[in-house]
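Because only heavy atoms are used, hydrogens play no part in the values below, and waters and symmetry mates are left out as well, while side chains stay in. When a ligand or atom number is given, it counts from 1 through the structure's own listing order.
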Amino acid sequence: MLRIAIQKSGRLQEDSLKLLKESGLHFNNGKDQLKAKADNFPVELLFLRDDDIPQYIEDQVADAGIVGENILIEKEKKNELIRRLDFAKCRLSIAIPRAETYTGSTWLQGKNIATSYPNIVRKFLKTKNIEAGIHEISGSVEIAPGIGLADAICDIVSSGSTLLSNGLKEVETVMTSEAVLIASPNLASEKKAVLNDLLFRIQSVQSAKNNKYILMNCPNEAIEKITQMIPGMKSPTIMPLGRPGWSSLHSVVNENDFWKKINQLKSYGAEGILVIPIEKMIV
Ligand code: ATP
Ligand code: MG
């Protein structure tokens, strides 16, 4: 039984559960519980505050977990980063009052920085050779300069609108973050096997998300060029159409260069292009 800790409530909760469900794990009870057992896979979920997850893993109360990379780095516990999960993307930034003129990181010399990430800020200041006070607070960091608690803050930013509404501006990015799957480095072999099985499933879900199934009609003379452009997983499937000189071609295309390729396909004479989401992709 692999015990996986996920956030009890907050920004990571929904997407963490969604990823596990898309990986084929089925849970009966909802998020009001503190624990949930999958009924079709040897996994038990523990619902915890994200800050506590690295410690639980170090203490081997949990075997694995999903947290923001920011929490993983801040907590400095015996946790191994297993995989980046492509959600909860944000950055940890330093912000100062908008009226101030930022002259580079030396502006921070001798100032006071309010943050929930003292270890990360300490390391950042060290790399910049700057001495500044660090004032640790656990929430509502962005009001600290306004109430005279600090000169600057270091906090999570995604759109920047919270900073703006508190009269602050972002001046340094300290790190970027996304949700990560972490685990204890000392898992027993049977737990390790379950984790590897889960990881394989997660990879299939992630590749499926990054790729699309694409079908089109094309003139036979374009088949070779199109095959080179979208080779798919091994090679495209090609079937003759009822109309002489034409074929139906099926392949897989990466989400990122999708639009660029569509224009090229059209220029090769492809018609009736259909693009279909893939649910799982086993490469
Ligand atoms: P908890 O009660 O579990 O301690 P919390 O209030 O500390 O929750 P959340 O605000 O739910 O944490 O954020 C959890 C994680 O989600 C953060 O550590 C960060 O990695 C990520 N995150 C936070 N804010 C954003 C955002 N605006 N956009 C994207 N990701 C974010
Ligand atoms: Mg937290």
Using a distance threshold of 4.0 Å (strictly less than), state whether atom 4 (O) of ligand 1 has a protein heavy-atom neighbour.
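It does; a protein heavy atom is within 4.0 Å.
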Taking every non-hydrogen atom, the tightest pair across [X] and [Y]:
| X | Y | answer |
| --- | --- | --- |
| Glu255 | Lys212 | OE1-NZ, 3.0 Å |
| Leu198 | Ser23 | CD1-CB, 4.3 Å |
| Ser93 | Glu170 | OG-OE2, 2.6 Å |

Test your reading of the model: is there a side-chain donor-acceptor pair from Asp197 to the backbone of Ala193, 3.5 Å cut-off?
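No.
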Answer side chain, backbone, both or neither: which part of Asp50 comes under 4.0 Å from ligand 1, heavy atoms only.
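For Asp50, the contact with ligand 1 is made by both the backbone and the side chain.
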Using heavy atoms and a threshold below 4.0 Å, how should the contact between Val157 and ligand 1 be classified: side chain, backbone, both, or neither?
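Neither; no heavy atom under 4.0 Å.
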For the Mg ion (ligand 2), the closest N/O/S atom belonging to Asp50:
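Among the N, O or S atoms of Asp50, the one closest to the Mg ion (ligand 2) is OD1.
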Can you name the N, O or S atom of Asp51 that is closest to the Mg ion (ligand 2)?
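Looking only at N, O and S atoms of Asp51, the one nearest the Mg ion (ligand 2) is named OD1.
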For [X], atoms of ligand 1 separated by under 4.0 Å from a heavy atom:
| X | result |
| --- | --- |
| Gly68 | 20 (O) |
| Asp51 | 4 (O), 7 (O) |
| Gly10 | 11 (O) |
| Asn70 | 17 (C), 18 (O), 19 (C), 20 (O) |
| Ile71 | 18 (O) |
| Ile156 | 17 (C), 18 (O), 19 (C), 23 (C), 24 (N), 25 (C) |

How far is atom 27 (N) of ligand 1 from the closest protein heavy atom, and which atom is that?
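Ranked first by proximity to atom 27 (N) of ligand 1 is Ser158 OG, 2.9 Å.
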For atom 2 (O) of ligand 1, what is the closest protein heavy atom, and at what distance to 0.1 Å?
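Going atom by atom, the protein heavy atom closest to atom 2 (O) of ligand 1 ends up being Arg49 NE, 3.4 Å.
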Side chain to side chain donor-acceptor pair (under 3.5 Å), that's the test. Do Asp39 and Asn28 meet it? Break it down for me.
CA-CA 7 Å; Asp39 53 29; Asn28 271 324; 3.1 Å; yes
Minimum non-hydrogen distance to atom 25 (C) of ligand 1, winning option of Gln13, Arg11, Lys89, Gln7:
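Among Gln13, Arg11, Lys89, Gln7, the closest heavy atom to atom 25 (C) of ligand 1 belongs to Arg11.
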For atom 30 (N) of ligand 1, state which one of Ser177, Ala179, Ser9, Ala88 supplies the nearest heavy atom.
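Among Ser177, Ala179, Ser9, Ala88, the closest heavy atom to atom 30 (N) of ligand 1 comes from Ala88.
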Any chance you could lay out the side chain to side chain donor-acceptor pair (under 3.5 Å) test for Ser184 and Asp63, step after step, and finish with the verdict?
CA-CA 6 Å; Ser184 159; Asp63 303 308; over 6 Å; no
Member of Leu12, Leu25, Leu45 meeting the side chain to side chain contact (heavy atoms under 4.5 Å, CB included) criterion with Leu17
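For Leu17, the side chain to side chain contact (heavy atoms under 4.5 Å, CB included) test succeeds with only one of Leu12, Leu25, Leu45, which is Leu45.
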Can you confirm whether Glu100 sits close enough to Trp107 that some side-chain heavy atom of one is under 4.5 Å from a side-chain heavy atom of the other?
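Yes, side chains in contact.
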Does Phe41 have more than 12 heavy atoms from other residues, nucleotides or ligands lying within 6.0 Å of its CZ?
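Count over threshold, so yes.
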Kindly indicate whether a cation-pi arrangement holds for Lys261 with Trp259, taking the cut-offs as under 6.0 Å to the six-membered ring centre and within 45° of the axis.
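Here Lys261 fails the 6.0 Å and 45° test against Trp259.
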